[in-house]
Colleague: 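Quick one: the structure is below, questions incoming.
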Amino acid sequence: MTMIEALRDAMDVALERDPSVVVFGEDVGYFGGVFRCTAGLQEKYGEERVFDTPISESAIVGAAIGMAAHGMRPCVEVQFADYMYPAYDQITQEAARLRHRSNGQFTCPLVIRMPTGGGIYGGQTHSQSPEALFTHVAGLKTVVPSNPQDAKGLLIAAIEDPDPVIFLEPKRLYNGPFHGDHTGKSVSWASDARGDVREGYYKTPLGKARVTREGAAVTVLAYGTMVYVAEAAVQNSGIDAEVIDLRTLLPLDLETIVTSVEKTGRCVIVHEATKTSGFGAELIAEVQEACFYHLEAPIERVCGWDAPYPHAQEWDYFPGPDRIERALRKVLEV
Amino acid sequence: MTMIEALRDAMDVALERDPSVVVFGEDVGYFGGVFRCTAGLQEKYGEERVFDTPISESAIVGAAIGMAAHGMRPCVEVQFADYMYPAYDQITQEAARLRHRSNGQFTCPLVIRMPTGGGIYGGQTHSQSPEALFTHVAGLKTVVPSNPQDAKGLLIAAIEDPDPVIFLEPKRLYNGPFHGDHTGKSVSWASDARGDVREGYYKTPLGKARVTREGAAVTVLAYGTMVYVAEAAVQNSGIDAEVIDLRTLLPLDLETIVTSVEKTGRCVIVHEATKTSGFGAELIAEVQEACFYHLEAPIERVCGWDAPYPHAQEWDYFPGPDRIERALRKVLEV
Amino acid sequence: MTDRKVKLTYPHPPARPGEDPDFSGITIPEAGLLDVPPLDLDARGSRPYANGLIRVLDDDGNAVGPWAEYLGEDTETLMRRGLRDMLRMRAIDRRMMTAQRQGKTSFYMQCTGEEAVGCAFQRQMEPGDMNFPTYRQQTLLVAADYPLEMMFGQFYSNDLDPLNGRQLPVLHSARDFGFFTISGNLGTQYVQAVGWAMANALSGDRKIATAWIGDGATASNDFHGALLMASVYQPPVILNVVNNQWAISTYTGVATGKARTYAARMRGYGIPSLRVDGNDFLAVAAVARWARRRMREGFGPVGVEWFTYRVAAHSSSDDPSAYRPKDDGAAWPLGDPIERLKTHMIAKGLWSEERHAQAQAQILDEVTQVQKRVEAHGTLVNPPPTNPADIFKDVYAEMPDHLRRQRQEMGY
Amino acid sequence: MTDRKVKLTYPHPPARPGEDPDFSGITIPEAGLLDVPPLDLDARGSRPYANGLIRVLDDDGNAVGPWAEYLGEDTETLMRRGLRDMLRMRAIDRRMMTAQRQGKTSFYMQCTGEEAVGCAFQRQMEPGDMNFPTYRQQTLLVAADYPLEMMFGQFYSNDLDPLNGRQLPVLHSARDFGFFTISGNLGTQYVQAVGWAMANALSGDRKIATAWIGDGATASNDFHGALLMASVYQPPVILNVVNNQWAISTYTGVATGKARTYAARMRGYGIPSLRVDGNDFLAVAAVARWARRRMREGFGPVGVEWFTYRVAAHSSSDDPSAYRPKDDGAAWPLGDPIERLKTHMIAKGLWSEERHAQAQAQILDEVTQVQKRVEAHGTLVNPPPTNPADIFKDVYAEMPDHLRRQRQEMGY
Ligand SMILES: Cc1ncc(C[n+]2csc(CCOP(=O)(O)OP(=O)(O)O)c2C)c(N)n1
Ligand SMILES: Cc1ncc(C[n+]2csc(CCOP(=O)(O)OP(=O)(O)O)c2C)c(N)n1
Ligand SMILES: [Mg+2]
Ligand SMILES: [Mg+2]
């Protein structure tokens with residue numbers, strides 16, 4: 001199953017099980033989404049459950065908040081994470097706070113799905129990774145699946161979660177894992193074990209990371225597309241690295257991270273988002289606090305450069321395996 | 001001079017010197033701003049230079065971008081930083097990127113002033129400190145003055161800067177320094193040397209921090225109101241701390257920071273914004289990378305809790321001198 | 001080189017401090033002129049209502065015209081309750097402002113002059129309907145018989161505060177009283193109300209949502225988003241604009257621009273819209289009744305501009321003498337809502353000056369008693385209010401580890 | 001318990017795949033009916049123009065009515081240029097789509113069927129006027145005689161790309177040609193145009209701004225902000241809505257809701273607005289001329305809805321056969337803009353089928369020649385394009401230390 005199919009399957013399961021689940025967004029209804037994640041769902045569940053909206057991300061999220069407060073469970077799509085900004089006020093000032101400011105009278109069980117990250121020549125407005133803009137906001141949970149199995153389980157868990165969840169879908173992984181070499185042959189999920197998605201209902205708990213490769217020399221923290229790019233770098237380098245797929249950025253599975261870094265004494269963090277004030281900074285802050293006496297070298301970040309995501313220079317911007325490998329070697333030098 | 005007067009003076013100087021400077025925002029014109037920062041300016045420069053706007057932060061910033069691209073230098077006010085969210089799309093996707101995406105054909109010399117921070121019983125919508133939401137965005141500069149002298153010089157520099165500058169004004173400092181004890185007597189800027197503001201035109205360069213207190217035991221990084229609270233904590237504790245007022249968060253004066261931490265070997269970071277993914281995380285990331293071999297203890301953060309800013313529990317939320325003192329002692333313990 | 005032909009305009013209020021109040025620019029049609037349109041009124045048909053002004057009480061206090069007939073059987077009870085609600089609201093405002101001035105809380109906002117809007121409106125709603133109010137619709141709570149203990153509890157942020165001290169005194173939340181949690185950010189709730197109403201329709205619960213916004217905040221993005229969503233999906237929502245002519249120091253002209261009325265702007269979205277004298281208790285009640293009935297029949301959203309005047313300061317932090325003439329409110333040509341209803345009831349033989357004075361005193365006394373009882377539980381500043389560790393509650397349904405660690409760090 | 005009376009509505013297109021195209025719901029008034037209003041037209045007076053449709057070319061290709069008289073002296077040159085511009089635009093679209101299909105760049109967006117809007121409009125503007133276009137107004141560039149080398153350079157992101165490969169192929173920027181840098185985020189530039197026009201007025205430079213938006217993107221917040229700001233300050237800005245009936249797969253009904261027209265929505269803001277047959281080159285030219293003149297006289301903003309049809313796919317990533325009938329565009333009752341102008345010119349004796357075929361071939365050849373020359377400089381994928389270190393340029397006017405460090409880390 002591709003990640004697109006896995007996500008669709010998750011929504012299908014949720015729509016089937018719970019009549020209060022509704023799915024909407026731009027081009028999400030009749031057409032089934034520009035990435036086809038909701039294809040067939042309107043036909044199956046009718047227009048009252050799955051529908052098209054005007055091009056107003058703030059109105060989509062704002063209306064969804066009203067529905068969620070009433071008792072429904074909206075799962076809405078923002079067509080690209082780059083277009084969530086008009087909804088940022090509703091997401092951060094409203095959805096994130098309803099429960100707290102009303103002392104629990106009103107709650108906001110809402111999922112906002114959005115394709116994130118680069119690697120598809122989308123330029124600066126189809127490539128952004130805004131996760132740090134969500135992790136800074138109390139009241140939100142932030143999830144980034146890296147494979148179809150997780151995508152389905154995490155999305156079902158997100159829809160059932162009593163609080164607002166930002167669900168960032170790495171679009172470069174929609175159709176297959178991507179190891180960072182765009183000149184290589186594209187791989188499909190069919191040929192990857194993690195594309196083997198269980199039928200029916202299951203949940204993958206929010207807040208649990210996964211060690212995707214065990215190793216003793218250095219810990220690599222990654223999420224989304226970068227999990228594969230990191231794995232490729234590890235493979236290329238022959239370094240005995242431990243790779244952790246964070247899966248949920250908030251709440252963060254600090255335990256798994258700390259256990260690993262205490263073992264390896266070294267840490268490299270990888271993300272596509274711009275470096276300064278990216279989520280990598282928060283990871284460093286937590287890791288240096290918890291593992292200070294185990295650290296043998298400064299923690300390294302491999303991130304998107306602090307510039308708008310360029311179109312033609314995409315592969316110079318994208319944190320590829322070579323850059324990660326260099327960082328691995330650097331932290332191992334000492 | 002109060003900080004309000006210093007800011008007004010800066011705008012007065014800029015309006016006087018450069019006919020392309022315009023000042024506008026909600027209640028900014030006739031009335032002179034809810035904090036009175038623009039009082040008298042409309043009378044002096046006329047409605048074409050200083051005017052009231054509708055309550056649409058996105059339209060204020062959006063129109064200002066158009067004006068800036070045309071060649072003017074708008075200096076606009078967002079009434080509270082908490083209300084910048086509707087403008088976040090225009091700020092981050094437009095102002096921050098005009099120069100880059102047009103290859104320099106269009107630029108955006110724009111200043112967005114906004115009162116920030118708590119300490120005035122403003123509750124969750126009049127107390128926020130969103131600086132990290134700006135420092136993550138390439139193309140923006142972010143400034144936080146802590147006293148009237150700096151406020152004037154930095155604001156003039158910001159208005160003359162060729163790029164968009166986010167200018168966060170700690171509202172708790174508008175009328176005097178605040179050392180974190182709300183039960184104590186309020187101090188006015190008249191009794192503080194930093195309230196002694198030079199007349200006429202001068203600039204304080206963006207990107208330069210200031211050591212406000214020299215010390216050898218530990219480095220405290222702070223900005224805005226927290227500079228005084230940190231100073232109070234240092235005073236109370238009798239610890240020989242070095243306090244650095246960052247003044248500009250981006251570009252960051254890493255040199256001053258590194259010099260200090262290399263000397264002290266210990267570092268505490270203080271900010272009012274929520275902890276997770278706050279600007280403190282970025283500071284830790286940079287400091288641990290640059291000063292790893294000098295650090296004697298994990299870097300500590302004293303921040304706003306990861307919750308909405310409460311109304312009645314304001315002083316339990318506000319990172320006060322006691323919490324900072326505890327952190328100082330903690331990093332010195334080792 | 002400058003072309004003096006092309007100049008920007010800047011809307012101005014008719015008078016500024018030092019000048020006499022001037023409302024000569026405001027056209028006030030006679031009471032009773034407009035008829036009651038069919039419940040399935042469409043946007044096109046609503047033109048006269050959007051550009052006109054629905055009024056029931058004429059200048060002499062008589063209830064005239066077709067809308068006067070629309071109030072249902074028991075107008076006497078309606079009016080008695082309404083008068084009591086409005087007097088109570090004014091007493092609350094008075095008591096709270098005094099206490100705020102005494103430093104017993106941080107902040108307050110009055111609704112003086114606008115009492116009829118919420119008081120008359122709320123009594124036409126049904127249990128389970130949800131208002132999405134702004135900070136100036138405390139009237140909706142009062143007319144929903146919200147316990148004053150809770151209102152004052154929040155005012156003082158003490159242990160009677162239903163929101164545990166988390167919110168500003170005026171930003172109430174009362175789900176059981178049909179009152180959505182108010183946001184400090186203007187406009188955001190307008191579109192949330194539309195979403196709630198969509199949920200009303202989807203769940204078939206026969207309830208409705210009502211959205212509230214000030215004239216100034218119609219500039220907000222969510223005003224636009226709400227009108228659009230309501231126009232597209234046609235949920236049962238009443239879209240209220242309270243045009244009280246001011247947004248802090250900014251004259252309403254800066255929010256209208258060249259638009260004729262806010263109702264006309266809403267009509268542009270294809271939403272049938274009406275403009276109503278908001279200081280006329282009977283007009284408000286009649287139009288609210290009509291709108292609620294329309295919702296019941298599934299004829300879709302309706303926009304209502306309540307034309308009124310902000311007599312008091314914007315908030316306890318504001319001083320209107322810096323930007324408008326003194327006693328501006330007293331010169332408002334549509335009068336005071338309490339006075340107007342009183343005059344009418346006296347004319348109908350239902351009320352008298354004496355009983356009014358008596359009622360006023362009695363209500364003020366009742367309110368003062370409650371206030372004292374509640375104040376005995378402590379004020380914002382003395383003694384310290386709620387539990388600090390409460391900060392960490394309700395950020396999420398279940399407290400995640402990082403918050404647990406922070407709570408420990410705090411000492412709890 | 002569910003109340004079947006209260007139901008949501010969901011706007012639908014008249015026909016879906018497998019069905020015949022159906023435009024029977026679209027009312028098309030006769031050409032020539034509407035007169036030319038005075039330049040100081042106000043919103044109220046613009047009612048017939050906002051709800052009607054300004055047309056010049058009738059079904060037989062005759063130019064009729066008062067707007068036909070409004071085109072100025074030299075309509076022949078105007079039409080010849082217009083025809084050439086439109087043919088060139090179509091040739092560019094064709095060449096670029098083919099190249100995109102061949103994998104020579106990432107992305108392309110055609111404007112087939114909408115050529116008249118930008119081509120006729122731009123020729124009525126003056127040097128120094130600034131367009132704030134969307135991705136579907138390449139026509140404004142073509143009619144501003146933007147060098148095709150630059151357009152194709154950006155298409156291939158090679159060393160001829162004026163934007164150094166930073167932007168998508170369709171997101172042009174050409175200050176010297178009155179073309180503002182296009183954003184990928186819908187709507188944002190509508191309000192920026194208003195700001196630019198405010199600067200025009202404040203600086204007295206006698207220039208204007210023109211704002212562009214698609215029907216779908218009128219839902220965006222900045223559409224609202226722009227109309228409001230324009231209504232309040234009255235700067236010289238032409239607010240264009242290109243209603244091509246689709247927003248990717250979403251029918252225009254989801255953006256209009258129950259509003260009559262986009263022009264009517266704009267009129268609700270107090271901005272005089274007109275609705276124009278966007279496939280009628282002469283109607284577009286006449287109205288653009290009128291609007292530009294209005295600006296010159298300082299009579300404030302004007303809204304124009306250009307009524308047209310998106311004949312092609314939304315973009316090279318889109319397949320319209322999944323959501324609308326095949327050959328929908330061919331059935332569009334207002335025809336094809338090139339065909340219509342051609343027919344008129346032939347009727348006037350200015351043109352012939354032969355010359356048309358000849359011109360078409362010649363223009364396609366010219367465009368192909370340029371394309372080949374530019375392609376020789378490299379395509380997006382082969383050879384590698386611009387300098388990687390260029391990423392760090394122009395983030396700020398001066399490169400700050402942290403970017404310098406990152407550039408070093410990159411190896412430069
Ligand atoms: C998004 C946002 N911007 C600015 C403010 C600050 N503010 C609070 S009330 C107000 C004026 C609102 O005026 P109006 O909508 O007319 O309501 P009224 O106070 O008259 O009832 C402003 C500007 C805010 N709360 N939210
Ligand atoms: C803020 C934002 N949301 C969503 C998108 C994705 N998107 C790109 S084009 C488009 C449809 C726009 O339709 P319309 O405005 O009618 O313009 P047209 O393509 O028809 O010219 C959408 C939804 C975007 N670019 N920006
Ligand atoms: Mg108001
Ligand atoms: Mg369209």
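Everything quoted here is computed from the prediction, not taken from an experiment. Residue numbers start from 1 in every chain, and the chains themselves are labelled A, B, ... in the order their sequence lines are given, proteins ahead of strands.
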Colleague: So which part of A:Glu296 gets closer than 4.5 Å to some heavy atom of chain B, the side chain, the backbone, both or neither?
Modeller: backbone
Colleague: Just so I know, are the side chains of A:Leu133 and B:His136 near enough to count as touching, which here means a heavy-atom distance under 4.5 Å?
Modeller: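 A:Leu133 vs B:His136: side chains touch.
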Colleague: Between A:Glu300 and A:Arg329, does any NZ, NE, NH1 or NH2 come within less than 4.0 Å of an OD or OE carboxylate oxygen?
Modeller: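 Salt bridge absent between A:Arg329 and A:Glu300.
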Colleague: Against chain A, label B:Tyr293 side chain, backbone, both or neither, depending on which of its atoms sit under 4.5 Å from a heavy atom there.
Modeller: side chain
Colleague: May I ask you to name which of A:Gln288, A:Lys275, A:Met84, A:Glu286 has the most heavy-atom pairs under 4.5 Å with chain B?
Modeller: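 Highest number of pairs under 4.5 Å: A:Gln288.
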Colleague: Does any heavy atom of chain A fall under 4.5 Å from the side chain of B:Gln90, the backbone, both, or neither of them?
Modeller: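 Neither part; nothing is under 4.5 Å.
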Colleague: Could you tell me whether a side-chain N or O of B:Glu314 sits under 3.5 Å from a main-chain N or O of B:Gly119, the two making a donor and an acceptor?
Modeller: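 Indeed, once roles are kept as given, a pair shorter than 3.5 Å links the two residues.
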Colleague: Say whether A:Thr264 and A:Thr219, considering side chains only, have a donor N or O and an acceptor N or O under 3.5 Å apart.
Modeller: yes
Colleague: Where the side chain of A:Thr248 meets the backbone of A:Gly207, is there a donor-acceptor pair that is under 3.5 Å apart?
Modeller: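 Present.
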Colleague: Within the supplied structure, the quantity of interest is the number of heavy atoms (other residues, nucleotides, ligands) at a distance under 6.0 Å from B:Lys263 NZ; does it exceed 12?
Modeller: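 Yes.
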Colleague: Against chain A, label B:Glu57 side chain, backbone, both or neither, depending on which of its atoms sit under 4.5 Å from a heavy atom there.
Modeller: neither
Colleague: Check for a donor-acceptor pair, side chain of B:Asp161 on one end and backbone N or O of B:Pro109 on the other, with a separation under 3.5 Å.
Modeller: no
Colleague: Using a cut-off of under 4.5 Å for heavy-atom pairs, which of A:Pro130, A:Ala87, A:Pro308, A:Ala138 has the most such pairs with chain B?
Modeller: A:Pro308
Colleague: Should the ring pair B:Tyr83 and B:His126 be called parallel, tilted or perpendicular, given that the plane angle runs from 0 to 90° and is split at 30 and 60?
Modeller: perpendicular
Colleague: In terms of heavy-atom pairs under 4.5 Å, which option from B:Arg301, B:Glu289, B:His311 contacts chain A the most?
Modeller: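 The option with the most such pairs is B:Arg301.
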Colleague: For residues B:Pro298 and B:Val331, report the shortest heavy-atom separation together with the two atoms involved.
Modeller: O-CG1, 3.6 Å
Colleague: Taking B:Val137, B:Thr274, B:Asp306, B:Leu283 one by one, which has the highest count of heavy-atom pairs under 4.5 Å against chain A?
Modeller: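 Ranked by contacts with chain A, first place is B:Thr274.
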Colleague: Counting heavy-atom pairs under 4.5 Å with chain B, which one of A:Ala290, A:Cys291, A:Ala132, A:Pro86 comes out on top?
Modeller: A:Pro86
Colleague: So what's closer than 4.5 Å to chain B heavy atoms on A:Val334: side chain, backbone, both or neither?
Modeller: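 Side chain of A:Val334 only, per the 4.5 Å heavy-atom cut-off to chain B.
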Colleague: Top residue by heavy-atom pair count (under 4.5 Å) with chain B, among A:Gln93, A:His100, A:Gln128?
Modeller: A:Gln93
Colleague: Does any backbone or side-chain atom of B:Arg101 lie under 4.5 Å from a heavy atom of chain A? Answer side chain, backbone, both or neither.
Modeller: both
Colleague: Is B:Thr276 in contact with chain A via its backbone, its side chain, both, or neither, using a 4.5 Å heavy-atom distance?
Modeller: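 Interface part for B:Thr276: both.
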Colleague: What part of B:Ile91 is in contact with chain A, defined as an atom under 4.5 angstrom from a non-hydrogen atom: side chain, backbone, both or neither?
Modeller: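 B:Ile91 has no heavy atom closer than 4.5 Å to chain A.
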